[in-house]
Amino acid sequence: MTSAKGKTTSSELNPRTTRYEFLGPPGALAICIGTPVVMYAMYFGCAEEYGGCPPPQVDWAAVASALTSWSWWRGLWDTQAASLYLAYYAFVVVSWYLLPGKYVQGLPMRNGQVKTYKVNAFATLLLLFGISAGVLWRHGPQPFTIIYEKWVGLLTASTLMSFALALGCYLASFRDGALLALGGNSGNFIYDFFIGRELNPSIGSLDLKSFNELRPGLMLWALVDIAMACTQAVRRGGHVTDSMWLVVLFQCWYVADALYNESAVFTTMDITSDGFGFMLALAITIEPFLYSLQARYLVFNPTELGPVYTAMILAVNLLGYYIFRAANGEKNDFRNGRNPKNLQYITTESGRKLLTSGWWGRSRHPNYMGDLLMALAWSLPTGFNTPLTYFYVIYFTILLVHRQQRDDEACRKKYGKDWEKYKSIVPWRIVPCLY
Ligand code: NDP
């Protein structure tokens, strides 16, 4: 294969991966199986028709008998739900294609090429919100209850879509000329399928990784939350509790913010370094069906917080959002050659600079701290009757601590002793004085 850089053979451009992450193939297999299992468990363990959240008593004999019966497994599939899911996914693809948007270039890849991305995710979200508002205005909240009622079928459809995307991209990565991810070319099927073998699989000009990282999962998450509020409204004669309002507003705001700042994703580790495999494809399922657990819980455990608790939770979310935006903004400005606050920095041997004051002088991932505070604010409206609605903040803490370790390792390789110097100036990893 000849690249834009000159005569480079495929094996030179795509070296074998020799170092495993996630405990190698056994770890990858455990996550591939474990994540869908957790997704279903978080439904069956926190649903009104199965006795509560969690049910006070579990009949393990009945669970074992269900798991060994074909009819129970057959019940996970729902053709109507799968059709709905496919229609939704098609809507997101068609919107990407038809809606106008600006074109943004990504960072140069190893083969010297640069990808161009169409930026119109926020416009798609506005269209989705517009259609939802139209349905609500014309038919009231009732049509949205289908999402609550067909939860398992929709979850199955989305999980299968994640699997199909990852498998399709894995198989397509064996074609001539594919640029592989440095971390996803181990030769072990399970590991490469999970991590993602090809760096930027595309269909025509549709980049599958950035598309699936941002659009179908995040937008469906917002829609699911709205549907949960509608389901609560149907059950309570049109009234939606303040706790539900908080969860829906916080999460819809987060989704809108991510999609509004779509271009920021093109410089993240996921886009520049990771391949597109089951790990990233699962986002389209986890975001709508796991991150919305609090809203689903509030459907059958409606909670009124009152003005004092509402204000306190609002303050936690606003503080988190402020830190998240301010930290990401400082780095984004700096990486784009601006330094409006005149922040201090060190210059590494490669010539690239690292901030050492402002938010990036307080910890090495201040943006994660803001994200975690927001995650806490999304669970607090559910009260303290169950630990399950705190799953998100616990899971997210583990995810971000692991991500921080991966990024630390990547920066150590990139910057060598300059990274050690930065670490001595900024010793805290995420939360100053704590971690
Ligand atoms: P970061 O935004 O923290 O970026 C890390 C990179 O920033 C490093 O690799 C390095 O790259 C650069 N950097 C590190 N230190 C400095 C410094 N002092 N000065 C300037 N640049 C520095 O990483 P993520 O991509 O993980 O996170 C982006 C956002 O996405 C975060 O807000 C995070 O919370 C959020 N996120 C959300 C998830 C979700 O599921 N909701 C999942 C993961 C992340 P370089 O030097 O090459 O520029």
Side-chain angles (χ1 to χ4, degrees), residues 35 107-108 210 212-214 217-218 221-222 250-251 253-259 261-274 279-280 282-288 290-292 320-339 341 343-376 378 392-393 395-416 418-431:
T35 308
L107 298 177
S210 59
N212 285 291
E213 168 125 353
L214 273 183
L218 285 180
W221 179 13
F250 289 164
Q251 298 188 344
W253 178 267
Y254 187 79
V255 167
D257 182 79
L259 299 184
N261 292 294
E262 183 180 3
S263 315
V265 85
F266 305 133
T267 53
T268 62
M269 182 166 66
D270 296 358
I271 300 299
T272 57
S273 322
D274 290 339
M279 177 173 76
L280 287 184
L282 270 172
I284 67 166
T285 305
I286 292 176
E287 285 157 0
L290 193 57
Y291 291 4
S292 62
Y321 181 72
Y322 168 71
I323 296 174
F324 169 81
R325 263 285 135 248
N328 281 328
E330 276 181 6
K331 179 159 72 75
N332 206 29
D333 274 346
F334 193 65
R335 282 285 172 253
N336 286 308
R338 298 184 296 271
N339 188 0
K341 296 184 191 162
L343 298 171
Q344 291 166 13
Y345 55 85
I346 55 170
T347 305
T348 65
E349 261 177 15
S350 64
R352 218 163 151 80
K353 299 173 172 122
L354 291 169
L355 286 165
T356 54
S357 71
W359 282 105
W360 296 84
R362 294 189 179 106
S363 81
R364 302 205 293 274
H365 279 284
N367 46 358
Y368 290 3
M369 182 169 53
D371 231 330
L372 287 171
L373 270 177
M374 283 192 281
L376 177 65
W378 302 348
Y392 175 72
V393 59
Y395 156 87
F396 200 44
T397 305
I398 297 168
L399 184 146
L400 289 184
V401 165
H402 181 248
R403 198 174 166 93
Q404 171 270 316
Q405 289 165 354
R406 288 184 80 203
D407 190 58
D408 218 45
E409 178 59 18
C411 287
R412 193 187 58 74
K413 278 192 194 145
K414 213 174 349 180
Y415 298 120
D418 292 316
W419 187 249
E420 297 306 325
K421 184 175 164 194
Y422 173 60
K423 278 168 69 174
S424 69
I425 302 171
V426 185
W428 298 105
R429 287 169 280 197
I430 298 178
V431 185

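When a ligand or atom number is given, it counts from 1 through the structure's own listing order. We're numbering straight along the sequence, starting at 1. Being a predicted model, the structure only gives us computed values, none of them experimental.
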With a heavy-atom distance limit of 4.0 Å, tell me whether [X] approaches ligand 1 through its side chain, its backbone, both, or neither.
{"X": "L355", "value": "both"}
{"X": "N328", "value": "side chain"}
{"X": "Y291", "value": "side chain"}
{"X": "A283", "value": "neither"}
{"X": "Y254", "value": "side chain"}
{"X": "Y415", "value": "side chain"}

Which residue supplies the protein heavy atom nearest to [atom], what is that atom called, and how far is it?
{"atom": "atom 22 (C) of ligand 1", "value": "K331 CD, 3.6 Å"}
{"atom": "atom 16 (C) of ligand 1", "value": "L354 CD2, 3.7 Å"}
{"atom": "atom 31 (C) of ligand 1", "value": "N367 ND2, 3.4 Å"}

Original post:
Any N/O of T268 closer than 3.5 Å to an N/O of ligand 1?
Top reply: no

Original post:
Evaluating non-hydrogen atoms only, which member of E287, H365, R403, E330 is closest to atom 25 (O) of ligand 1?
Top reply: R403

**OP:** Tell me, please, which residues at least two apart from A256 pass side-chain contact (heavy atoms from CB on, under 4.5 Å).
**Re:** F122, L125

Original post:
Counting only non-hydrogen atoms of the protein, does one fall under 4.0 Å from atom 11 (O) of ligand 1?
Top reply: yes

Show the atoms of ligand 1 that are less than 4.0 angstrom away from any heavy atom in [X].
{"X": "R335", "answer": "20 (C), 21 (N), 22 (C), 45 (P), 46 (O), 48 (O)"}
{"X": "F396", "answer": "38 (C), 39 (C), 40 (O), 41 (N)"}
{"X": "D371", "answer": "32 (O), 33 (C), 34 (O), 35 (C), 36 (N), 37 (C)"}
{"X": "D407", "answer": "5 (C), 6 (C), 8 (C), 9 (O)"}
{"X": "C411", "answer": "8 (C), 9 (O), 10 (C)"}

Subject >> Nearest-0.5 Å distance, CH2 of residue W359 to CE of residue M369 >> reply: 5.0 Å

Subject >> Spatial distance of atom OG (S357) from atom CZ (R362) [nearest 0.5 Å] >> reply: 9.0 Å

Original post:
Taking only residues two or more places apart in sequence, or in another chain, which ones meet R335 in a side chain to side chain donor-acceptor pair (under 3.5 Å)?
Top reply: none

